[in-house]
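Comments concern the structure below.
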Amino acid sequence: MDSTDATTDDAPLPEKDRNFVTALARGLELLRAFGTGEEYLGNAELSNRTHIPRPTVSRLTYTLTQLGYLQHNTHLEKYRLGPGVLALGYRFLANMGIREIARPHLQTFADATDCNVSLGGADRNDMVYLETCHGHGPLIIRLDVGSRLPIATSAIGRAWLCGLSDERRQQVLQELAAFYGNEWPHYEAGIQQSMKDYAKYGFCLSEQDWQRDISAVAMPLILEDGAEVMAINCGGSSLRLDHHRLVSNLGPRLKEVAAKIKQELAPKY
């Protein structure tokens, strides 16, 4: 399963809730249907991805175009995301003071380890990078802000799960089980192992689970007594990051980075 694919059918719209505005929800689902690296989608493709009837999709894409959230290519008869979406994303990131506090610590760690070090938050079945810093070595993962990694197989996703309350974690695991279907037992085993690692080491591992040539360590950032949970990771080529280096070197150092970030965040949160 490609972690960059849009996951618009993961969460059925609760249309029976009288306080739920279905038209608004459907418009947002269309925006979420655009996956990373996909510039243009037509009404038929959007309808197939979101399971929204095509006549409704046509009205929604027209409205979103008028508002600047989509741009229409008359030659292709397809749409791409407009500057309105980008503006919303920038406003969200600009309002997150944690990025400003975390970035110097992440960059220092990335430079010292020649790894990719990132801060992420959860969005449905994925973790989304909100800040990312690169080292300077030849085997660096080139993932940037906005990159998506699956919760079930990535170190940062598993660390986020470990930071949740028991009740919230069970809810997320049920959602993941429904999403992965028959493949879930395989993914669940990896998550359970990461929870054991977290209990033992204080951080999580993902050794060639997300991608065969990538290994990483990660740990949760639990803020406001658990009201807000994010996670940070440190990853790179599995040729460099063997199990011993992850457990004895990068993991403990990542814990120190997390402690420094939380210490600076204390007055804010």
Side-chain angles (χ1 to χ4, degrees), residues 1-7 10 35-38 106 109-162 172-173 175-220 231-254 257:
M1 181 171 298
D2 189 346
S3 64
T4 61
D5 287 345
T7 55
D10 302 343
T36 303
E38 294 176 319
L106 301 181
F109 192 39
D111 291 339
T113 60
D114 278 339
C115 290
N116 189 87
V117 184
S118 303
L119 166 74
D123 178 44
R124 295 195 176 181
N125 300 316
D126 295 329
M127 297 296 291
V128 180
Y129 279 173
L130 304 174
E131 187 62 83
T132 187
C133 300
H134 306 296
H136 303 289
L139 298 176
I140 300 299
I141 315 170
R142 296 298 174 184
L143 296 175
D144 295 313
V145 171
S147 296
R148 304 177 72 92
L149 285 73
I151 289 174
T153 57
S154 65
I156 194 169
R158 293 172 177 177
W160 177 77
L161 283 172
C162 290
V172 174
L173 291 177
E175 293 169 358
L176 291 173
F179 177 71
Y180 285 107
N182 293 335
E183 297 178 330
W184 174 238
H186 169 73
Y187 295 109
E188 184 181 26
I191 291 172
Q192 293 300 325
Q193 180 59 51
S194 284
M195 294 182 69
K196 293 178 182 178
D197 291 337
Y198 183 66
K200 180 177 181 180
Y201 302 118
F203 50 83
C204 294
L205 308 173
S206 177
E207 300 179 74
Q208 301 176 293
D209 294 327
W210 171 50
Q211 292 185 9
R212 290 185 178 181
D213 57 344
I214 302 298
S215 292
V217 292
M219 65 173 298
I232 56 174
N233 73 347
C234 173
S237 169
S238 56
L239 296 175
R240 296 175 53 231
L241 308 185
D242 58 22
H243 181 80
H244 177 73
R245 187 177 184 194
L246 292 173
V247 171
S248 64
N249 187 313
L250 296 182
R253 294 170 70 182
L254 188 65
V257 172

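We find the CZ-CZ distance between R148 and R124 to be 8.5 Å, quoted to the nearest 0.5 Å. Distance check: E188 CD to M195 CE gives 10.0 Å after rounding to the nearest 0.5 Å. The distance from atom CD of Q211 to atom OG of S237, rounded to the nearest 0.5 Å, is 11.0 Å. The distance from atom SG of C234 to atom CG of L254, rounded to the nearest 0.5 Å, is 6.5 Å. In this structure, the separation between CG on D209 and CZ on R158 is 4.5 Å, given to the nearest 0.5 Å.
Contact annotation: the side chain of L149 never approaches that of D126 to less than 4.5 Å [non-hydrogen atoms, C-beta and beyond]. In this structure, I151 and W160 have side chains that are in contact, with non-hydrogen atoms separated by less than 4.5 Å. F109 places none of its side-chain heavy atoms less than 4.5 Å from the side chain of C115. Looking at heavy atoms from C-beta onward, M127 lies out of side-chain contact with D123 at the 4.5 angstrom threshold. Between L239 and D213 there is no side-chain heavy-atom pair separated by less than 4.5 Å.
When all heavy atoms of D242 and R245 are compared, the closest pair comes out as OD1-N, 2.8 Å. The minimum heavy-atom distance between T113 and R240, with the atom names listed, is O-NH2, 2.8 Å. In this structure, S215 and L246 approach most closely via the heavy-atom pair CB-CD1, 4.0 Å. Nearest heavy-atom pair across Y180 and P150 is OH-CB, 3.9 Å. Among all heavy-atom pairs drawn from H136 and D111, the shortest one is NE2-OD1, 3.2 Å. Considering every non-hydrogen atom in both W210 and S154, the closest pair reads CB-CA, 4.3 Å.
Every residue two or more places apart in sequence or in another chain was checked for a salt bridge (charged side-chain N to carboxylate O under 4.0 Å, His left out) with D197, and none qualifies. When the side chain to side chain contact (heavy atoms under 4.5 Å, CB included) test is applied to Y198, the partners found at least two apart in sequence or on another chain are C162, C204, P220. The side chain to side chain donor-acceptor pair (under 3.5 Å) check on S118 picks up N116, T132, with sequence neighbours excluded.
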Next item on the list: Could you go through the side-chain contact (heavy atoms from CB on, under 4.5 Å) check for Y129 and L143 one step at a time?
Entry: CA-CA 8 Å; Y129 279 173; L143 296 175; 3.8 Å; yes
Next item on the list: Show your working on side-chain contact (heavy atoms from CB on, under 4.5 Å) between L106 and E131 and close with a plain yes or no.
Entry: CA-CA 9 Å; L106 301 181; E131 187 62 83; 4.3 Å; yes
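Under the 3.5 Å distance criterion, the side-chain polar atoms of S238 are left unmatched by any main-chain donor or acceptor of L241. Between the side chain of S206 and the backbone N or O of T153, at least one donor-acceptor pair lies under 3.5 Å.
A donor-acceptor pair shorter than 3.5 Å cannot be found between the side chains of H134 and D114.
Looking at V145, N233, I232, I156 one by one, the single match for side chain to side chain contact (heavy atoms under 4.5 Å, CB included) with L119 turns out to be I232.
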